[in-house]
Amino acid sequence: MFKDRVDILLAGLLLVCVAAGVALLIGGGSQASQLNPSLDKAIARDMTYQAKVSFLERLYAPVNELQQNGKYEAALLKLDELSRNYPNEAHGELLRGEILLRMQVIPQAVEHLAKAVRLSADYVDRQSPLSRRSLIDQLIANQLPKLKAKALAQENASLQKTLQNLYYLQGRLAGGCE
Amino acid sequence: MYLLRLILLGSLALLAGCQGSSDRPVMKIGYMNCNSAEETMERFQPLTKYLSDKLNVEFQAVPVDTQDFAERFAGGEFEFAHTNSLVYLILHEEQQATLLATEKRGNYGSHTAGAIISKKGSGIKKIEDIKGKRVIFGPQLAPSGYLAQYDLMLRNGIDPELDIAYYAIPTGSFKHEKVVYSVYFDQFDVAAVPALDLELMTRAGKVTADDFNILGQSPTFPYCTFSARKDVDADLVKKFRQVLVDLTEPDTVDYQGETLKVLASAWINGFEALADSDYDQLREMAKRANMPPYQEF
């Protein structure tokens, strides 16, 4: 069976591999029997989400504070500063849209809010702590009729773009796909 | 055979030469200098070439000093103008210039604003605190670097000519940045700065949002503006406006052997076709501040 030393060496290695495989199967099986893998995944997912929410709250706390104190210009500057490290980040886009909305800079507010929703569905999700459904709903109710009437009266590419973004937000609130 | 090749090459060169000398009409676009003529040409020549290609007109870019703009425009030196919105008002009121499109850049899109700032920790926290302080403004014809803040002070009961200790305007180029640094390095107590420049400097990491108190900010009004001389063909004016409004971020132009993104090379995010009435906010500011084109002596 074993003609030379090489055969012996190969047979030895094969035995080691088989033993390692059996050990892994036994070990894995005992872990699986102890934990529910789907529960494990759900916990990991929830922990990641909570960590994300908590990180965003901490990161943008100065922006929120300035916004709550009515210091919108300073809040925008703080966002400009943060965007150096996190360019085009969804929550930054959302806050920029929110601040511009409070400043009544409507086309840019709509653009940033639509961008935020495109980047993250959290903002239209009723269950999410990051949800801004009521804000977006109010924006659509206030601006859509006005802008539609304006677009009928004048041909304006920028106005059309703002309307497109509003329709997009309306679709997302209704649960439509992109 | 050699002679034949020579004749063929000569003919090709001649043909190429003929293609270069265009019979397109030649027109000039005056571009208001922000910092220097060199910077203006670097920014706007690719856009000018793009307009030439699209409209089949040989446009030539001409850098123009802000103070000279109205006079040179009135002298018929250029068919089209790219200026700040206050200079547009002057051209419109005095020369009936036609509004084409407004540049979009920064947080407020086709609009901009002027802010009044002090250094954090200076104790100057409200606009009323600037009485008796040293203030530095941007250039006099800058709507968001001078007019907006001058008007903001007047509307808050502060007469810049009487109620502040001293005010100055920096010399040379990069005036808006100099204004910011003057406060940052304690040369002045308060600065009048365009909101856009503060935004750009913060985004570039030159200053941080925590360095300054924003004492006040004006309402927004239109940003830099393209206009046309009143006698330019209406059809060309319409097409010129459309080319600008249709420009998007990926659009490119072949310029001096390079393929350049038109908007990015001009530091612009896009153009919007505003109505002249959108400039009424600025008109009111200029009237209150007794500034051109409504200045009364």
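Chain letters run A, B, ... following the sequence lines, proteins first, then strands; residues in each count from 1. The structure presented is a predicted model; accordingly, all values stated were derived computationally and were not measured.
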Exercise for review: Give the member of A/L159, A/V105, A/L76, A/L66 that has the highest number of heavy-atom pairs under 4.5 Å with chain B.
Suggested key: A/L76

Review point. From B/N269 CG over to A/Q108 CD, what is the distance, rounded to the nearest 0.5 angstrom?
Key: 9.5 Å

Revision key, fill the gap. Residues B/Y108 and A/M103: closest non-hydrogen pair is OH-CE, 3.3 Å

Review point. Would the number of heavy atoms belonging to other residues, nucleotides or ligands and lying under 6.0 Å from OH of B/Y184 be above 12?
Key: no

Review point. If you draw a 6.0 Å radius around NZ in B/K54, do more than 12 non-hydrogen atoms from other residues or ligands fall strictly inside?
Key: no

Point to revise | Part of B/L198 lying under 4.5 Å from any heavy atom of chain A | key: both

**Study point:** A/L77 and B/F212, any side-chain heavy atoms less than 4.5 Å apart
**Key:** no

Point to revise | B/Q217 vs A/Y72 side-chain heavy atoms within contact, under 4.5 Å | key: no

Review point. Are the side chains of A/K78 and B/D210 in touch, meaning some heavy atoms are under 4.5 Å apart?
Key: yes

Point to revise | Worked check of side-chain contact (heavy atoms from CB on, under 4.5 Å) between A/K161 and B/E272 | key: CA-CA 11 Å; A/K161 196 179 162 199; B/E272 186 168 352; over 6 Å; no

Review point. Quick one: CD on A/E73 to CD1 on B/I214, what's the gap to the nearest 0.5 Å?
Key: 6.0 Å

Practice item. May I ask you to check whether over 12 heavy atoms, not counting those of B/K238, lie within 6.0 Å of atom NZ? Key: no

**Study point:** Short side-chain to backbone donor-acceptor contact, A/R84 and B/R203, under 3.5 Å
**Key:** yes

Review point. Looking at B/P219, B/A273, B/A275, B/G205, which one has more heavy-atom pairs under 4.5 Å with chain A than the rest?
Key: B/G205

Check your understanding: Take atom CD in B/Q96; do more than 12 heavy atoms of anything else shown fall under 6.0 Å from it?
Key -> yes

**Study point:** Check: B/N107 and A/L79 side chains under 4.5 Å, non-hydrogen atoms
**Key:** no

Point to revise | Other residues, nucleotides, ligands: >12 heavy atoms within 6.0 Å of A/K71 NZ | key: no

